[in-house]
Amino acid sequence: GGKTHPNKLGARDIERFFFFFSLQGKVAASTQRQALNALVFLYKEVLDQPLAEDIAPTRAQRQRKPPTVLVQKEVEQLFAVMSGKHALMAKLIYGSGLRLMECIRLRLQDLDFGQGLIFVRGGKGGKDRTTLLPSYLEQELQAQVTLVKALHHRDLEEGFGLVYIPEALARKYPNAERATG
């Protein structure tokens, strides 16, 4: 009982359904959007009865949750139990505002110790930007740069350590794949 074929229902019936769906059903906003899109598809493509443009279903609002932020003491405790390059990366992300992948892709030529800057190339949205290089990390970063250069030099001597260079750039700079920064 109580079942009616969709081709006998109109926009107001769908609005009533969504009122129940959103308020009494306690359904997430993304689920509601998916259901509405499915109904629009059903009526337009299957039943060949496009829904009225003025349909205004009641929708649940996305709940915005504030981000969890560590207080300074918690950050210090976290850094105290970290070591090595992962600690340096975490400190760099925290101190400069880099995103994780920006930090992972960081190259020697992206660091400007003289001006205290980090050049982020191809960051979020493919955009380049500049951020501050934290002065308290300068010595630790310099030590990492020295270590990486020595490792790269050793790799080159052993026949390794080449990096991918796009074809046009490889023609312009024939030895760029071996560069140390």
Side-chain angles (χ1 to χ4, degrees), residues 15 17-40 56-156 160-166 169 176-181:
E15 286 176 355
F17 168 73
F18 268 94
F19 177 76
F20 167 79
F21 196 56
S22 65
L23 299 179
Q24 280 115 4
K26 294 188 172 126
V27 178
S30 59
T31 304
Q32 288 177 33
R33 277 193 306 280
Q34 187 175 15
L36 179 61
N37 289 336
L39 283 172
V40 168
T58 304
R59 301 177 188 206
Q61 296 297 314
R62 267 193 188 171
Q63 290 184 347
R64 302 262 183 226
K65 296 179 182 170
T68 303
V69 180
L70 300 175
V71 296
Q72 188 172 353
K73 184 176 180 172
E74 292 170 322
V75 173
E76 289 168 3
Q77 290 171 340
L78 188 62
F79 288 158
V81 297
M82 297 178 79
S83 63
K85 65 182 172 189
H86 295 111
L88 177 59
M89 291 172 69
K91 290 174 189 174
L92 192 56
I93 289 169
Y94 179 76
S96 66
L98 290 176
R99 294 177 179 91
L100 177 61
M101 288 309 296
E102 292 171 345
C103 183
I104 290 171
R105 293 179 179 149
L106 206 56
R107 300 170 306 168
L108 297 178
Q109 62 261 35
D110 297 335
L111 302 174
D112 185 341
F113 289 102
Q115 295 185 66
L117 297 174
I118 299 173
F119 301 101
V120 179
R121 311 210 191 271
K124 187 173 181 181
K127 294 185 176 142
D128 294 350
R129 64 186 176 94
T130 306
T131 188
L132 298 176
L133 192 153
S135 58
Y136 67 91
L137 289 178
E138 195 170 321
Q139 286 182 325
E140 208 172 335
L141 278 169
Q142 288 280 16
Q144 181 66 21
V145 166
T146 303
L147 179 74
V148 168
K149 282 184 177 182
L151 181 64
H152 182 64
H153 183 70
R154 189 178 79 222
D155 286 347
L156 288 174
F160 304 106
L162 302 179
V163 297
Y164 168 77
I165 303 290
L169 203 55
E177 63 194 20
R178 304 175 66 85
T180 59

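Computed from heavy atoms alone, side chains included, the values below leave out hydrogens, waters and symmetry copies. Numbers here are sequence positions counted from 1.
- Counting non-hydrogen atoms of neighbouring residues, nucleotides and ligands closer than 6.0 angstrom, the CD atom of Gln34 reaches no more than 12 such neighbours.
- A distance of 9.5 Å separates CG in Leu100 from CZ in Arg105, rounded to the nearest 0.5 Å.
- At most 12 heavy atoms of other shown residues, nucleotides or ligands fall within 6.0 angstrom of atom CD in Gln139.
- Taking CG from Leu151 and OG1 from Thr146, the interatomic distance works out to 12.5 Å, rounded to the nearest 0.5 Å.
- For the residue pair Gln109 and Phe119, the shortest heavy atom distance occurs at O-CD1, 4.5 Å.
- Val145 has its side chain within reach of Lys149: a pair of non-hydrogen atoms, C-beta onward, lies under 4.5 Å apart.
- Thr131 contributes a side-chain N or O that, together with a main-chain N or O of Ser96, makes up a donor-acceptor pair within less than 3.5 Å.
- Closest non-hydrogen pair, Leu98 versus Ile93, comes out as O-CG2, 3.3 Å.
- Screening Leu106, Leu133, Ile118 for a side chain to side chain contact (heavy atoms under 4.5 Å, CB included) with Leu141, the sole residue that qualifies is Leu133.
- Partners of Arg121 under the side-chain hydrogen bond (donor to acceptor under 3.5 Å, both in side chains) rule, at least two apart in sequence or in another chain, are Asp110.
- Atom CD of Gln72 has 12 or fewer neighbouring heavy atoms from other residues, nucleotides or ligands inside a 6.0 Å radius.
- In this structure, Lys85 NZ and Leu88 CG are separated by 10.5 Å, a value rounded to the nearest 0.5 Å.
- In plain terms, the two heavy atoms of Gly97 and Arg129 that are nearest each other are O-NH2, 3.5 Å.
- The two atoms that bring Glu138 and Phe113 nearest to each other are CG-CD2, 3.5 Å, heavy atoms only.
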